[in-house]
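One structure below.
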Amino acid sequence: MNKGLNRYAILVACATFCLIIAGALVTSHDAGLATSDWPLSNGQVFPKMVGNLFWEHGHRMIATTVGLLTIGLLVYILAKEERSWVRRLAKFAMIAVIAQGLLGGLTVKLMLPLAVSAAHATLAQLFFCTTVSLAVFTSRSWMKARALPAEQSGTLPLRYLCTAALVTIFLQLIIGATLRHSATWDHRLPNELILAHIGGALAVVIVLGSATLTVLRRHSGQKFLARPATLALTLLVVQLFLGVASYITRLGSPNDPQPLNPMVSITVAHVACGALVFATTIVLTLRVFKVLPTPVHNLELALRPQAKA
Ligand code: HEM
Ligand code: HEM
């Protein structure tokens, strides 16, 4: 295990989380078209950071920093890491950050079309989860983790439950991004998308709730699994409150003279907490796959005593 590499991977993940907040601030201030220029801002590398340009250009500068950090992570991993699949994931992170930068430029050039803005918001979450996964794979706890006994036969394998939670959250993030980018603060959000998003929230509560509670019931003594499960559950509760608060503040926003607080801070917090729910569920799922045997292996173990008998 290389401590320096792990710390660097954690730094990249934290910087990406800050970038998601910076991006969400652009959207909530409706500052996406503070300049219609790209890759320069109003023909300059460093324009005066006035008005909405503060949010838009600030986001670009943080994105550039994250891009450079990602190049550094790829070089570091290629130099120090032997596992070929980790090296491949670092290359994927590099491609994802370039694609994300290009999508950012495209959304400006095309004047914020819904599909491109929603894709930019969704790829941001995927890129964040890639950096979180790299931090997990290079960590000491990952290297040290030992396999746990097989789960009882006849029970729903945690691998399936966690994967289902991950897919449900990802779909919910896409619906959330489509909802958020379908109307700026001065317009009402479309009812059908709000209903789809509330339905998605219900599905996430059921699937992620079952996955985390099952982990806590079966493996409460295993910090490796219990910690991300507790964190994911807590963040989910916070996210639900933030979602309701986002809805209430968005209801009043078309009558505001400009994007105001608390609407800006609550909607940004909802985007950021959504990223954290997704990231902690990724950590939980990866760890479940690491220490719990495959369900097929479970079946073999369950059949073995019968074969002997
Ligand atoms: C490289 C990594 C990047 C990441 C991870 C990232 C992430 C994000 C995120 C999370 C949002 C907020 C989405 C939301 O609130 O729904 C956002 C918005 C935005 N980003 Fe980026 N971004 C990146 C690069 C760029 C670049 C290079 C540009 C260049 C112009 C850019 C332009 C924008 C714009 C204009 C918005 C607002 C879109 C809207 O209001 O419809 N982004 N970004
Ligand atoms: C499982 C729980 C939830 C998750 C994971 C989640 C996730 C998200 C995400 C990630 C976004 C923004 C996507 C982006 O632009 O990148 C969003 C937007 C939104 N969500 Fe949720 N959400 C959840 C529950 C809820 C609930 C219960 C409500 C209540 C009605 C809600 C209301 C909203 C609203 C109004 C927006 C748009 C905010 C805006 O226009 O700025 N969400 N959601």
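One-based numbering, in listed order, for ligands and for the atoms of each. The first residue in the sequence is number 1, and the count goes up from there.
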How does T122 reach ligand 2, by side chain, by backbone, by both or by neither, if only non-hydrogen atoms under 4.0 Å count?
neither
Are V283 and L11 linked, directly or through other ILVMFWY residues, by side chains that come within less than 4.5 angstrom of each other?
yes
When only distance counts, is H181 in polar contact with ligand 1, meaning an N/O pair under 3.5 Å?
yes
Evaluate T27 for polar contact with ligand 1, using N/O atom pairs at a separation under 3.5 Å.
yes
Short list, please: which atoms of ligand 1 are under 4.0 Å from a heavy atom of W38?
29 (C), 30 (C)
List every atom of ligand 1 that sits less than 4.0 Å from any heavy atom of L19, numbering the atoms from 1 in the order shown and giving each element.
2 (C), 3 (C), 4 (C), 5 (C)
Hey, does the side chain of D256 reach the backbone of P259 with a donor-acceptor pair shorter than 3.5 angstrom?
no
To the nearest 0.5 Å, atom CE of M49 lies from atom CE of M61 at 4.0 Å
List ligand 1 atoms under 4.0 Å from V26, heavy atoms only on the residue side.
36 (C), 37 (C)
Looking only at N, O or S atoms, which one in H270 sits nearest to atom 21 (Fe) of ligand 2?
NE2
Judged by heavy atoms only, the candidate from Q100, M111, Q125 nearest atom 7 (C) of ligand 1 is Q100
Find all atoms of ligand 1 within a distance of less than 4.0 Å from any non-hydrogen atom belonging to V108, and give their numbers and elements.
30 (C), 35 (C)
Counting both backbone and side chain atoms, is some N or O of R250 under 3.5 Å from an N or O of ligand 2?
yes
Compute the shortest N/O to N/O distance between H59 and ligand 1 and return yes if it is under 3.5 Å, no if not.
yes
If we ignore hydrogens and angles and just use 3.5 Å, is the side chain of R140 paired with the main-chain N or O of N6 as donor and acceptor?
no
Tell me whether E56 has any N or O atom under 3.5 angstrom from an N or O of ligand 1.
no
Within less than 4.0 angstrom of ligand 2, does L236 place any heavy atom?
yes
Quick check on contacts: which atoms of ligand 1 are under 4.0 angstrom from a heavy atom of G32?
35 (C)
Nearest non-hydrogen contact with atom 34 (C) of ligand 1 belongs to which option: D37, T107, L106, T178?
T107
Quick one: do N42 and T35 satisfy side-chain hydrogen bond (donor to acceptor under 3.5 Å, both in side chains)? Show the steps, please.
CA-CA 6 Å; N42 291 340; T35 168; 3.0 Å; yes
So is V277 touching ligand 2 or not, going by heavy atoms under 4.0 Å?
no
What atoms of ligand 1 come closer than 4.0 angstrom to any heavy atom of A121?
13 (C), 16 (O)
So, the side chain of S41 versus the backbone of D37: is there a donor-acceptor pair under 3.5 Å, distance only?
no
Consider every N or O of H197 and every N or O of ligand 2, then say whether any pair is closer than 3.5 Å.
yes
Without swapping roles, check the side chain of E151 against the backbone of L158 for a donor-acceptor pair under 3.5 Å.
yes
Among protein heavy atoms, which lies nearest atom 32 (C) of ligand 2, and at what distance?
G243 O, 3.4 Å
List the closest protein heavy-atom neighbour of atom 27 (C) of ligand 2: residue, atom name, distance to the nearest 0.1 Å.
A201 CB, 3.8 Å
Per side chain to side chain contact (heavy atoms under 4.5 Å, CB included), T168 is matched among T163, V207, L173 by V207
Is the Lys NZ or Arg CZ of R88 less than 6.0 Å from the centre of W85's six-membered ring, within 45° of the axis?
no
Using a plain distance cutoff, I'd like to know if S246 has any nitrogen or oxygen under 3.5 Å from a nitrogen or oxygen of ligand 2.
no
Quick one: does any side-chain atom of E81 pair with a main-chain N or O of R83 as donor and acceptor, under 3.5 Å?
yes
Quick one: does V271 get within less than 4.0 Å of ligand 2, heavy atoms only?
yes
For a side chain to side chain contact (heavy atoms under 4.5 Å, CB included) with H59, tell me which candidate from I21, T64, T27, V26 qualifies.
V26
Evaluate R180 for polar contact with ligand 2, using N/O atom pairs at a separation under 3.5 Å.
yes
Just jot down the ligand 1 atoms closer than 4.0 angstrom to any heavy atom of A24, in number order.
11 (C), 12 (C), 15 (O)
What atoms of ligand 1 come closer than 4.0 angstrom to any heavy atom of S117?
39 (C), 41 (O)
Any chance you could measure F278, atom CZ, to Q125, atom CD, to the nearest 0.5 Å?
7.0 Å
In this structure, which one of S246, S117, S28 forms a side chain to side chain donor-acceptor pair (under 3.5 Å) with R180?
S28
